[in-house]
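Just below is one structure, and these are the notes that go with it.
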Amino acid sequence: MDMDSASFLTKLKSQNHQAFNQLVQQYHSSLLTVARTIVGDVWAEEVVQEAWVSIFKALPKFQERSSLKTWIYTILKNEAYSRYKKESKTVSLEAQVPDDQQDRTIEDWLSSSFNKGGGWLNSPSGWDLSSPEALLQEEQLQKCIEHTLELLKPDQKSVFLLRDQEQLAMEEVCNILDISHSNARVLLHRARLKLFQVINHYQDTGEC
Amino acid sequence: MLKCKDVVASATDYVDKELSWSQSMSMAMHLLLCGHCRRFIKYFKLSLQTLKNKKTISAENASQLSSEIITKAQADS
Ligand SMILES: [Zn+2]
């Protein structure tokens, strides 16, 4: 069933169990991903559970002022941030946040890729894996990509995944994460470059 | 004249179609003349495709999870 259709929404708003089940199946993994970037692995499952409970209760009040997707992510985000605030008083979640090493690798890559005039020194050579299917089937590469994602800073990872994995519009991403458009674009661009760089490196060397 | 480095710097705006008209024109001109950057843009776009395989949970897990959630929600109210 089309999750954006009016009849689906009507069912959902009347807390139809089957429709809700479909919603859970569709969004659970994504919500978990976003929750992990905010509260870390330890609390993510619980935060998403709590968010689902809030979502279920609030369904009859859903006004359709935003898309269903945005509404769901916003509830999750609020749940995650309030948990984050509560837990960061007791344990240091900061320790889980990686430093800006990723930014440095990108800087290094940029400065070694271009000459003083701004032309390519090492332009990307032809890729052996040059279709989306080929890239997705390469298990080792998928591991490299996962590893890269793990090293991104939480806000950057959230922007990246919401935009390029969940395919949300930039405006929605900014609304959900409560960050400015220009800030989001910088974070997104760096994350995308990082992804490109990892894949490019893998194509050259067969390693992460 | 746009430099290759600028093409890389604007790649996100380019693929998301957020460049101004004049920026798009310079970009198009550069890409017409520069095979290196054409290849870069092609692979840059291709990289993003690797994130699109969305994982979903199994139907079985979903139904177990959603009944737990519903039970909890109803117990709360
Ligand atoms: Zn060029």
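By convention in this document, chain letters (A, B, ...) are assigned in the order of the sequence lines, proteins followed by strands, and residues within each chain are numbered from 1.
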For [X], look at atom [atom1] and say whether over 12 heavy atoms of other residues, nucleotides or ligands are found less than 6.0 Å away.
X      : atom1 : result
E64(A) : CD    : yes
K3(B)  : NZ    : no
M29(B) : CE    : no
K13(A) : NZ    : yes

Which heavy atom in [X] sits nearest to a heavy atom in [Y], and how many Å separate them?
X       : Y      : result
W120(A) : C37(B) : NE1-SG, 3.2 Å
A73(B)  : F56(A) : CB-CD2, 3.5 Å
H189(A) : T12(B) : ND1-OG1, 2.7 Å
R192(A) : F44(B) : CB-CZ, 3.6 Å

Atom [atom1] in [X], atom [atom2] in [Y]: separation rounded to 0.5 Å?
X       : Y       : atom1 : atom2 : value
F160(A) : L48(B)  : CZ    : CG    : 6.5 Å
E50(A)  : I69(B)  : CD    : CD1   : 11.5 Å
L65(B)  : F20(A)  : CG    : CZ    : 8.0 Å
L51(B)  : Q167(A) : CG    : CD    : 9.0 Å
L121(A) : C4(B)   : CG    : SG    : 10.0 Å

Item to check | Main-chain N/O of I57(B) paired with Q25(A) side-chain donor or acceptor, under 3.5 Å | outcome: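 Checked: pair present.
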Among [options], which residue forms the greatest number of heavy-atom pairs with chain A at distances under 4.5 Å?
options                : answer
S58(B), S66(B), A11(B) : S66(B)
D13(B), D6(B), V7(B)   : D13(B)
K72(B), E18(B), E68(B) : E18(B)

Examine whether an atom of [X] lies under 4.5 Å from a heavy atom of chain B, and if so say whether it belongs to the side chain, the backbone or both; otherwise answer neither.
X       : answer
H17(A)  : both
E138(A) : neither
L193(A) : both

Next on the checklist: If you apply the rule side-chain contact (heavy atoms from CB on, under 4.5 Å), what do you find for D16(B) with R163(A), and how did you get there?
Outcome noted: CA-CA 11 Å; D16(B) 289 351; R163(A) 179 78 184 102; 3.4 Å; yes
Next on the checklist: With a 4.5 angstrom heavy-atom cut-off, is it the side chain or the backbone of L46(B) that approaches chain A, or both, or neither?
Outcome noted: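 Both parts, heavy atoms under 4.5 Å.
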Checklist entry - Are side-chain heavy atoms of Q49(B) and L136(A) found at a separation under 4.5 Å? => result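 A side-chain contact is absent here, since even the closest heavy-atom pair is not under 4.5 Å.
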Checklist entry - How about W109(A) and V8(B): do any of their side-chain heavy atoms sit closer than 4.5 Å? => result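 Heavy-atom side-chain distance check passes, below 4.5 Å.
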Checklist entry - Under 4.5 Å, heavy atom to heavy atom, which residues of residues 123-133 of chain A contact chain B? => result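 So far as heavy atoms go, S123(A), P124(A), S125(A), G126(A), W127(A), L129(A), S130(A), S131(A), P132(A) are the residues that approach chain B to under 4.5 Å.
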Next on the checklist: Between Q18(A), H181(A), Q197(A), who has the most heavy-atom pairs with chain B when the cutoff is under 4.5 Å?
Outcome noted: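 The option with the most such pairs is H181(A).
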